[in-house]
Amino acid sequence: MPMPALLVIMAPLLILLGCAHDPGTSSDAGAADSEGIVIRGELSYLPRIALPRGAVATVELRAGPAPSGDIIAEWSRPLEGRQVPIDFRLEVDPAATQPGRVHVFRGVLRSADGSNWISEPLVIDTARARHDVGTLMLERKQAPEANDQPAAGEVFVARGNEPGWRLDVDTGTLTLSWDYGERALAAVTPAPLPAEGITSYGTAVGDHRLVIAVHDQLCADDMTGMPHPKRVIVSLDDRVLRGCGGEPRDLLLGEWVIEDVDGRGTVDGSRATVAFDTEGRIGGRGSCNSYGGSYRLSGEGLSVSEVFSTLMACAEGLMNQERRILGILEDVGRFELDDTGALILHTHDGRTLTARRSANAQTTL
């Protein structure tokens, strides 16, 4: 769907959805130093009902969205009958912050009966020392529908270049930084709007209108060439940010049958394989022997190390093919998927290994 049409369709949703916060709205003057970062304010909510026994007030600062982001600092207080508003003061060690990440602050009231009240997320500029966030209004947590969003603790990440941007979406909040991290926002994760081949999110964040379209299309990073399972378009007011999302590892997982070794095909009747698992292990059948090792994905590409194999002897043609396969794996530098779905492993000196998915694509090593 063209982006202008998507924006027209989602405009009513943007008007109705609640606002979150843009960075800088809660910061006092002063730079963070060895004395630390202080965030103060109070928690409250509109309904005039008493908090149940056992209620606990918590405020937290995370690197990235909640609940998936790392907790940088946390303050909790059992209320023991005390009612809102509840004052808080959170002290943060600057050394615990994570440069390059959006730091998200929120308040939570939890009770023994399982009910939660949660504030909208607030971006904290960790370069500043003092933050008076005022009154954070809490709303009762709405549990996400099954299969609507990633499981608790999981996060969908998308990135793009020129200008550099990053999007993190989990079950609770989303964060977006752009202009190489100079600007950022956070919001409660809106309900996804699924359609054929695309999932969209729309919300209002302060004065910003944000629409995210996640396409089920293979996407290659335009700087590194790294493949990703999703193509992502972020519309932020009148700006359009394009990039890739999802984990490259998801494209590799399972067993692949090797059909070409550096342009020479494969020996008739041989069945060489390569398989990747979720724990960073690689293995398969080299042509004669079984082999194993470790693999690692970085922002620049794919590498394989610690390759080992069994020591059976086979026909010379199979042994030669196996040596070529293991030699390519040991020197692999990147991978791609072509238009037919074939996996192509590339070495640093230009050799290639081409494979197609096995019928048993989720083989355990």
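Numbers here are sequence positions counted from 1. Bear in mind that the values here come from a model prediction, so they are computed numbers and not experimental data.
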Between CG on residue D237 and CG on residue L210, distance to nearest 0.5 Å: 8.5 Å

Taking R271 first and then E255, would you say they form a salt bridge - that is, a charged N and a carboxylate O separated by under 4.0 Å? yes

F105 vs F88 aromatic rings, parallel, tilted or perpendicular, using cut-offs 30° and 60°? tilted

For V108, the hydrophobic cluster (side chain heavy atoms closer than 4.5 Å, chained through members) also holds I118

Taking only distance into account, with no hydrogens and no angle test, what donor-acceptor pairs under 3.5 Å do side-chain atoms of residues 94-102 form with protein atoms, sequence neighbours excluded?
residue: T97; atom: OG1; partner: P94; partner atom: O; Å: 2.7
residue: Q98; atom: NE2; partner: D70; partner atom: OD2; Å: 3.0
residue: R101; atom: NH2; partner: D168; partner atom: OD2; Å: 3.4

Check the hydrophobic clustering (I, L, V, M, F, W, Y; side-chain heavy atoms under 4.5 Å; chains of links allowed) and say if V274 and L253 are grouped together. yes

Evaluation steps, side chain to side chain contact (heavy atoms under 4.5 Å, CB included), between T354 and L345: CA-CA 6 Å; T354 303; L345 304 181; over 6 Å; no

Y291: partners by ring pair (Phe, Tyr, Trp, His ring centres under 6.0 Å), with sequence neighbours left out: none

Can you tell me which residue among I37, D125, V92, L61 is in a side chain to side chain contact (heavy atoms under 4.5 Å, CB included) with H103? L61

Do S309 and N289 pair up side chain to side chain, a donor and an acceptor below 3.5 Å, judged on atom types alone? no

Residues I86, L109; criterion side chain to side chain contact (heavy atoms under 4.5 Å, CB included); working and verdict: CA-CA 10 Å; I86 301 158; L109 281 177; 3.8 Å; yes

Honestly curious: do L251 and W256 fall in one hydrophobic cluster under the side-chain, below-4.5 Å linking rule? yes

R183 vs D179, salt bridge (Lys or Arg N to Asp or Glu O under 4.0 Å): CA-CA, chis, key distance, verdict: CA-CA 6 Å; R183 304 190 66 190; D179 289 344; 5.0 Å; no

Hey, does V240 have a side-chain heavy atom less than 4.5 Å from the side chain of R242? yes

Hey, does H215 have a side-chain heavy atom less than 4.5 Å from the side chain of I233? yes

Working for side chain to side chain donor-acceptor pair (under 3.5 Å), residues T135 and E42: CA-CA 5 Å; T135 301; E42 64 179 19; 2.6 Å; yes

Starting from V267, walk the hydrophobic network (Ile, Leu, Val, Met, Phe, Trp, Tyr; side-chain heavy atoms closer than 4.5 Å) and list everyone else you reach, by chain and number. L318

In residues 328-337, what donor-acceptor pairs under 3.5 Å come from side-chain atoms, sequence neighbours left out?
residue: D331; atom: OD2; partner: R351; partner atom: NH2; Å: 3.2
residue: E336; atom: OE2; partner: H346; partner atom: NE2; Å: 2.7

Output yes when a side-chain donor or acceptor of S177 lies under 3.5 Å from a complementary backbone atom of A184, and no otherwise. no

Linking I/L/V/M/F/W/Y whenever any side-chain heavy atoms sit under 4.5 Å apart, do M319 and I258 land together? no

D170 side-chain N/O to T173 backbone N/O, donor-acceptor pair under 3.5 Å: yes

Would you call E80-R82 a salt bridge at under 4.0 Å N-O? no

Disulfide (SG to SG under 2.5 Å) pairs touching residues 182-276, sequence neighbours excluded, are C219-C244

Does a donor on one side chain and an acceptor on the other come within less than 3.5 Å for E306 and S294? yes

Angle class for the H208/W178 ring planes (parallel below 30°, perpendicular above 60°, tilted otherwise)? perpendicular

Any salt bridge between D262 and R324, counting N to O under 4.0 Å? no

Does one side chain, of T266 or E259, offer a donor that lies under 3.5 Å from an acceptor on the other? no

Passes salt bridge (Lys or Arg N to Asp or Glu O under 4.0 Å), R159 versus D221? Steps please. CA-CA 9 Å; R159 297 180 177 88; D221 184 273; over 6 Å; no

Side chain to side chain contact (heavy atoms under 4.5 Å, CB included) between K230 and F156: does it pass, once the steps are laid out? CA-CA 10 Å; K230 306 289 185 181; F156 175 79; 4.0 Å; yes

Would L136 and V38 show up in the same hydrophobic cluster when neighbours are defined by side-chain heavy atoms closer than 4.5 Å? no

